[in-house]
Amino acid sequence: VDPDLINAAYIVAFVLFIVGLRMLRGPRTAVTGNYVAAVGMFIAVVATLLQDGVGDFGLIAVGLAVGTAIGIPSARSVKMTQVPQMVALFNGVGGGAVALISYAEFREAGGDIVLERLIPILFAAIIGSISFWGSNVAFAKLQELTKARPHIPAAVNGGLAAVVIGLAVAVAAGAELEWLFLAILILAGLLGVLAVFPIGGADMPVVISTLNAFTGLSAAAAGMALDNIALIVAGMLVGASGSILTKQMADAMNRSIGNVFFGGFGTGGSASAGPASDDGVDRTVRSTSAADVAIQLSYAERVVIVPGYGMAVAQAQRTVADLAADLEKRGVQVTYAIHPVAGRMPGHMNVLLAEADVPYEQLKEMEEANGEFARTDVSLVIGANDVTNPAARTVADSPIYGMPILDVDKSRSIIVLKRSMSSGFAGIDNPLFYGEKTALLFGDAKASVADVLSEMQNL
Ligand code: NDP
């Protein structure tokens with residue numbers, strides 16, 4: 001097929017990628033945006049297959065069949081709360097593919113590659129391998145297959161990185177030996193494992209987003225080696241958007257990227273999990289009933305709903321939306337305060353609430369919401385914990401110290417829906433629960449909200 005035709009198809013695909021990405025900016029257009037980008041990817045794949053000399057179509061068909069057979073059922077059956085690990089896994093596969101492609105290219109050339117191709121091949125091998133192994137460790141951690149958080153001195157990773165770069169320079173300088181290339185792949189993989197292993201708790205999403213950006217960059221490098229524009233553009237789009245997402249998430253947690261990777265945040269989590277009893281703080285909690293909550297809510301003027309991970313676990317979003325609609329009918333003003341890292345993935349709460357047809361105008365981002373807690377009668381905290389923890393403001397040795405939180409404690413009263421006194425993701429106690437203005441309604445969030453709603457309808 002005429003290369004111009006293929007390039008034209010690629011350009012159409014790029015336009016669709018960019019338009020699709022742009023549509024991901026808001027919940028209203030995100031789903032369509034996904035389809036738009038997917039159509040772009042379909043066009044790019046078909047155009048690539050139409051190129052002269054792509055190779056063995058039988059093998060390609062087998063690869064497509066295997067990938068489809070694994071990809072579609074797992075994407076369909078994955079629970080919303082498990083999406084981060086799934087992203088980690090799929091992202092890792094991308095990095096692994098890039099690393100394997102660069103190895104294949106290196107072998108095929110048989111020690112006779114021009115530098116302009118050899119450098120991107122080496123880059124793709126190193127970054128792809130780091131991304132593959134790092135993503136697998138991230139998956140294992142989020143899936144709770146391992147809770148180990150060994151301390152690895154920065155010098156070890158630094159040394160390893162220096163060796164990998166040294167070997168790559170040796171290969172680029174002319175020592176094009178296959179075993180050296182394999183050593184680069186293996187040591188880069190080890191670096192990926194060692195860099196991600198010590199990172200714990202709440203930093204995992206930032207890690208996954210960083211690795212995602214890495215995969216994009218390695219794919220772009222592979223595109224240079226293979227002289228394929230589609231791979232370069234798509235890889236750079238992933239690299240750039242992944243980098244921006246990483247920065248935004250780190251900002252939301254008030255941490256630098258370097259601090260995420262080398263600071264060991266969240267490593268002390270399990271040791272301080274649950275209410276400690278020996279520090280002299282009064283830890284009595286006031287528990288309340290659905291009937292009392294119903295009365296309090298219906299007499300309020302302003303109610304702010306603060307959803308968190310527990311709402312996702314309980315799948316309570318529709319019941320919550322019904323409760324909010326009932327309150328609005330009674331003249332109560334209801335808004336939702338959305339913390340950027342509430343739940344287990346970026347945009348988690350927005351996705352759930354959109355699914356329950358909550359009007360977008362009712363969703364307030366953290367900064368806007370925080371301005372309004374002081375004049376809020378009741379904050380209804382539904383399965384949120386870390387994102388409301390005032391220790392982030394006051395307790396300097398807390399693992400979440402410095403993370404911006406929703407200032408729920410500033411509202412006139414707070415009702416917290418959760419099942420027990422268990423801690424949230426960061427594994428720490430939350431002083432909000434012991435405050436004078438706070439009452440807890442224990443139970444599964446969906447059942448509790450349904451109880452409150454039926455009590456309210458009986459009023
Ligand atoms: P948390 O994880 O802090 O707390 C969730 C709370 O929900 C728990 O205290 C739990 O208490 C309660 N809960 C669990 N299941 C139910 C249920 N069925 N019914 C009622 N309550 C329930 O959630 P937040 O959303 O406040 O904070 C998110 C945390 O996750 C942050 O630390 C964030 O950094 C981290 N994180 C965020 C990601 C993101 O991108 N959004 C990704 C990965 C981590 P109990 O067991 O007593 O019911």
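Values below: every heavy atom of this structure, side chains too, minus hydrogens, waters and symmetry copies. Nothing here was measured: the structure is a model prediction, and the numbers come from that model. In each ligand, atom 1 is the first atom listed, and ligand 1 is the first ligand listed.
- Note on D409 versus K437: no salt bridge recorded, every NZ/NE/NH1/NH2 to OD/OE distance being 4.0 Å or above.
- Ligand 1 has a nitrogen or oxygen under 3.5 angstrom from a nitrogen or oxygen of A342.
- Remark: ligand 1 atoms within the under-4.0 Å shell around heavy atoms of G308 are 25 (O).
- Residue A384 approaches ligand 1 through these ligand atoms, each under 4.0 Å from one of its heavy atoms: 26 (O).
- Remark: ligand 1 atoms within the under-4.0 Å shell around heavy atoms of S420 are 45 (P), 46 (O), 47 (O), 48 (O).
- Here the side chains of R302 and V332 are not in contact, with every heavy-atom distance at 4.5 Å or above.
- From L441, atom CG reaches atom CG of L417 across 4.5 Å, with rounding to the nearest 0.5 Å.
- Ligand 1 does not have P307 within reach: every non-hydrogen atom of the residue lies 4.0 Å or more from it.
- Put simply, no part of H348 is less than 4.0 Å from ligand 1, judged by heavy atoms.
- The heavy atom nearest to atom 27 (O) of ligand 1, considering only V381, L406, L142, V387, is found in V387.
- Rounding to the nearest 0.5 Å places CG of D429 at 8.0 Å from OG of S423.
- Using a cut-off of 4.0 Å between Lys/Arg side-chain N and Asp/Glu carboxylate O, D326 and R330 are scored as salt-bridged.
- Distance check: R419 CZ to S448 OG gives 11.0 Å after rounding to the nearest 0.5 Å.
- Residue contacts with ligand 1 for A445 involve both N, CA, C or O and side-chain atoms from C-beta outward (heavy atoms, distance under 4.0 Å).
- By the 4.5 Å heavy-atom criterion applied to side chains, V387 and M403 are counted as neighbours.
- Of the candidates H339, M311, R419, the one placing a heavy atom closest to atom 16 (C) of ligand 1 is R419.
- Using modelled atom types, one side-chain atom of N370 and one backbone atom of I405 make a donor-acceptor pair closer than 3.5 Å.
- When only interatomic distances are considered, the shortest N/O to N/O separation between V341 and ligand 1 falls below 3.5 Å.
- Listed by number with element, the atoms of ligand 1 under 4.0 angstrom from any heavy atom of D386 are 3 (O), 26 (O), 27 (O), 29 (C), 31 (C), 32 (O).
- A donor and an acceptor atom, one from each side chain of T394 and Y401, are nowhere located under 3.5 Å apart.
- Residue G383 places at least one N or O, backbone or side chain, under 3.5 Å from an N or O of ligand 1.
- When each atom of ligand 1 is checked for a heavy atom of D444 under 4.0 Å away, the hits are 17 (C), 18 (N), 19 (N).
- The closest non-hydrogen atom to atom 36 (N) of ligand 1, taken over G427, G343, A312, S448, comes from G343.
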